[in-house]
Amino acid sequence: GSFTLVLDLFEGSISDKEITAASGLVDLLEPGDSDMADKGFDICDLLAPYGVHLNIPPFRQNSRQFLLDEAAKTKNITAVHIHVEHAIGRLRCFRILTGAIKSSMWDMLEQVVFVACMLL
């Protein structure tokens, strides 16, 4: 997998839901699209007006086992999710993106991240 979209960077003190709303990502989605997210990343209310389906793994309730359709859905989502995690892991291998970022780099950090993503 490779990166097909690199959004602007946000400060660490903002929630995932706020980033999704402020990033403009939902404006790029079309009715009938499906957005994949982790459990607990509930952005249904942001996607619904666009006719976009939120695809998250099902939650187990009361320690019961998954039903067959829930297990199949989890397996399908996991098969795609692993590609996303591997791409993010490869991005973290760039030495320039590890550790503390010098303040002198802040102005060009978005460009550095974009170039790193395109190099993968």
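- Applying the 6.0 Å contact sphere to CZ of Phe41 captures more than 12 heavy atoms from other residues, nucleotides or ligands.
- In terms of hydrophobic clustering, with Ile, Leu, Val, Met, Phe, Trp and Tyr side chains grouped at heavy-atom distances under 4.5 Å, Ile101 and Val112 are assigned to a common cluster.
- Rounded to the nearest 0.5 Å, atoms SG (Cys117) and CD1 (Ile88) are 9.5 Å apart.
- Residue Leu68 places its CG atom among 12 or fewer non-hydrogen atoms of other residues, nucleotides or ligands, all under 6.0 Å distant.
- In terms of heavy-atom proximity, Thr98 sits nearest to Arg95 at OG1-O, 2.8 Å.
- When Thr20, Val52, Leu46 are each tested for a side-chain contact (heavy atoms from CB on, under 4.5 Å) with Asp35, only one passes: Val52.
- Taking the side-chain hydrogen bond (donor to acceptor under 3.5 Å, both in side chains) definition, one finds that Thr4 meets it with nothing, sequence neighbours left out.
- Hydrophobic cluster membership is shared by Phe3 and Ile96, with clusters built from Ile, Leu, Val, Met, Phe, Trp and Tyr side chains linked at under 4.5 angstrom.
- Summarising the geometry, atom CG belonging to Leu7 is positioned 7.5 Å from atom CG belonging to Leu28; distances are rounded to the nearest 0.5 Å.
- Using a 4.5 Å heavy-atom threshold, the side chains of Leu25 and Ile19 count as separate.
- When all heavy atoms are compared, the tightest approach of Ala37 to Leu54 is CB-CD1, 3.8 Å.
- Residue Lys75 places its NZ atom among 12 or fewer non-hydrogen atoms of other residues, nucleotides or ligands, all under 6.0 Å distant.
- Atom-to-atom distance recorded for Met36:CE and Thr78:OG1 is 9.0 Å, nearest 0.5 angstrom.
- Here Leu5 contributes atom CG and Phe114 contributes atom CZ; the two are 9.5 Å apart, rounded to the nearest 0.5 Å.
- Here the side chains of Val115 and Phe94 are not in contact, with every heavy-atom distance at 4.5 Å or above.
- Note: Cys44 SG to Ile56 CD1 = 6.0 Å, rounded to the nearest 0.5 Å.
- When the side-chain hydrogen bond (donor to acceptor under 3.5 Å, both in side chains) test is applied to His81, the partners found at least two apart in sequence or on another chain are Asp38, Glu85.
- Hydrophobic clustering places Leu9 together with Trp106 (ILVMFWY residues linked when any side-chain heavy atoms are closer than 4.5 Å, directly or through intermediates).
- Residues Glu11 and Ile14 come closest through the heavy atom pair O-CG2, 2.9 Å.
- Without hydrogens or angle criteria, Glu110 side chain to Asp8 main chain gives no donor-acceptor distance under 3.5 Å.
- Summarising the local packing, CG of Leu97 is surrounded by more than 12 heavy atoms from other residues, nucleotides or ligands at distances under 6.0 Å.
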